[in-house]
Asks: 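Below you'll find the structure I mean.
Since the model is a prediction, treat every value here as computed from it, not as a measurement. Within every chain, numbering begins at 1; the chains are lettered A, B, ... in the order of the sequence lines, protein sequences first and strands thereafter.
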There are 2 protein chains.
Amino acid sequence: MKTSRFRRSNMLALAVLVCLSERPMHPYEMATLMRQRGKHESIKLNYGSLYTVVQSLQSARLIEPKEVEREGRRPERTVYRLAEAGQIEMVDWLSQLISTPVKEYPSFEAALSLLPALPPDEVVALLDVRCLHLEMELARHRSVRQVVAEHELPELFWVEDDFASAMTDAELGWTRRLSQRIKDGEMEGVEVWRQLARERGV
Amino acid sequence: MKTSRFRRSNMLALAVLVCLSERPMHPYEMATLMRQRGKHESIKLNYGSLYTVVQSLQSARLIEPKEVEREGRRPERTVYRLAEAGQIEMVDWLSQLISTPVKEYPSFEAALSLLPALPPDEVVALLDVRCLHLEMELARHRSVRQVVAEHELPELFWVEDDFASAMTDAELGWTRRLSQRIKDGEMEGVEVWRQLARERGV
DNA sequence: CTCCAAATATCCTGGTCAGAGTATATGGCT
DNA sequence: AGCCATATACTCTGACCAGGATATTTGGAG
């Protein structure tokens, strides 16, 4: 009986594999480590998911319990280690993530696709507010960079932040342009749009 | 008793509200409409979710069944209409989506945060493959634009595609730069990285 | 010395969602 | 005339996941 192939949905599972590729540890420790290294900024981390994910990795034979410890009367903690199949899976999964982009559904794109439901003037106002938020986000990224620069942390350990920052920057540029083009009617079909809103009685 | 506030998680629910703000219809018709207008490129659509989402909108009193039809011996179909609360919710939700960016977790960013788990040379190869994929995606976007230009569809109805295209473009630029900087050792810490991989025996 | 907030470590539960399944009708092809 | 692929319209089920609950220990303020 072949165990049904592991479902590569939750990135947290990959993070677990990577943690264990460093050394055996228990789930709570992985969480602490990820927090320390700021990985939770790029990978959604919450305890509920963490323990489920560890379970599913175990039942897929990618990791295995090494020992069960306990200090005083605190809850027991199970230390896991990476299985060989887990090492393979980790490299394979990570490689695929890098080499092959997947279609994702950012909520802003969704909102844009429903734009005709709001009147153009309101949209302009909302877009401008968004720009303010994005600018604040960029400032935050810059300050992060400042900090890592002071600690002389090599670039390797903050590429993800640089990426996020670059994407935010691109989004800001695009959003500004859109807002501007609606404002001065440069965008084709703004008339139709305003009409549409009026008909709908918004 | 106040009905617990509707959970704005699935964008599909918003799409349903917007569909019904146009006119009453039954779920399957919404799906067809979304497909026709290409909304399924920006909002993940599958029947399983659609019917659950409609259910939950109904129990939150945002939409209500208008009538139950049936043609021949085909399955019954329930036509829904937008409730007043639904109209409010739609405008409010959509406004929030536009005005306030939310932290999302793209899988490429996750992968980047785990980069040290792979040796640098492999990463370069993988990044280059990704670039190829992204170029193909951009080409696809361009051809979409060609088609909408031929049909003289106003820009309003394909902003989401333009956005996606701009983001892809930015990602491509960033990825190319990263690959290049690793290749020619311009990136700080590549030595440490290569060392790290060797120690790990990858 | 005592109390409260935060940290340690995991488990439970209800809601959500994707994929597959069901059953009829239509239209084109041979 | 008969057949298959596709369209119509939903339903079911199992997996997944986020949030909160639980129970102990440590550290710091007063």
Asks: Has A/Ser9 got a side-chain N or O lying under 4.0 Å from the OP1 or OP2 atom of D/dC17?
Replies: yes
Asks: Using whole Å, report how far CG of B/Leu57 lies from P of C/dC17.
Replies: 11 Å
Asks: Give A/Ser56 one of three labels, base, sugar-phosphate or nothing, depending on what nucleic acid heavy atoms sit under 4.0 Å from its own.
Replies: nothing
Asks: Could you give the distance from CG (B/Leu126) to CG (A/Leu97), rounded to the nearest 0.5 Å?
Replies: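 These two atoms lie 10.5 Å from each other.
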Asks: Who pairs with A/Tyr105 by ring pair (Phe, Tyr, Trp, His ring centres under 6.0 Å), at least two apart in sequence or on another chain?
Replies: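 Applying ring pair (Phe, Tyr, Trp, His ring centres under 6.0 Å) to A/Tyr105 gives none.
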Asks: Could you check if a side-chain atom of B/Val129 sits within less than 4.5 angstrom of a side-chain atom of A/Thr100, using non-hydrogen atoms only?
Replies: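 Result no, sub-4.5 Å side-chain heavy-atom pair not found.
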Asks: In whole Å, what is the span from the CZ atom of B/Arg7 to the C1' atom of D/dA18?
Replies: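 It is 7 Å, rounded to the nearest whole Å.
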Asks: More than 12 foreign heavy atoms under 6.0 Å from CD of A/Glu150: is that the case here?
Replies: yes
Asks: Does a side-chain N-to-carboxylate-O contact under 4.0 Å join A/Glu135 and A/Arg176?
Replies: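 Looking at A/Arg176 together with A/Glu135, the answer is yes, because their closest N to O distance falls below 4.0 Å.
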Asks: Okay, side chain of B/His26, backbone of B/Tyr80: is any donor-acceptor separation there less than 3.5 Å?
Replies: no
Asks: Kindly point out which of C/dA7, D/dC17, D/dA9 is positioned nearest to the side chain of A/Tyr28?
Replies: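 My answer, after comparing the listed nucleotides, is C/dA7.
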Asks: Using whole Å, report how far CE of B/Met30 lies from P of D/dT8.
Replies: 16 Å
Asks: Tell me which residues in residues 31-53 of chain A lie within less than 4.0 Å of DNA chain D, going by non-hydrogen atoms.
Replies: A/Lys44, A/Asn46, A/Gly48, A/Ser49, A/Thr52
Asks: Quick one: A/His26 NE2 to C/dC11 C1', roughly how many Å, whole number?
Replies: 16 Å
Asks: Would you kindly give the OH-to-P distance between A/Tyr80 and C/dT10, to the nearest whole Å?
Replies: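 Roughly 8 Å, once rounded to whole Å.
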Asks: To the nearest Å, give me how far apart CZ (B/Arg77) and P (D/dA9) are.
Replies: 4 Å
Asks: Assign a letter to each nucleotide of nucleotides 23-28 of chain C from its 5' end: B, base within under 4.0 Å of a protein heavy atom; S, sugar-phosphate only; -, no contact.
Replies: -SSS--
Asks: Here's one to test your reading of the geometry: is the NZ or CZ of B/Arg130 within 45 degrees of the ring axis of B/Phe108 and under 6.0 Å from its centre?
Replies: yes
Asks: Take the protein atom CG of A/Asn10 and the nucleotide atom P of D/dC17, then report the distance between them rounded to whole Å.
Replies: 4 Å
Asks: In whole Å, I'd like the distance from the CD atom of B/Gln55 to the P atom of C/dC17.
Replies: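 B/Gln55 atom CD is separated from C/dC17 atom P by 13 Å.
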Asks: Just call it for B/Glu76: base, sugar-phosphate, or nothing, with non-hydrogen atoms closer than 4.0 Å on any strand.
Replies: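 Sugar-phosphate contact only.
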Asks: Assess whether salt bridge (Lys or Arg N to Asp or Glu O under 4.0 Å) is satisfied between A/Lys103 and B/Glu41, documenting all intermediate values.
Replies: CA-CA 9 Å; A/Lys103 219 255 163 288; B/Glu41 300 280 340; 5.6 Å; no
Asks: Is the closest side-chain heavy-atom distance between A/Glu76 and A/Glu69 below 4.5 Å?
Replies: no
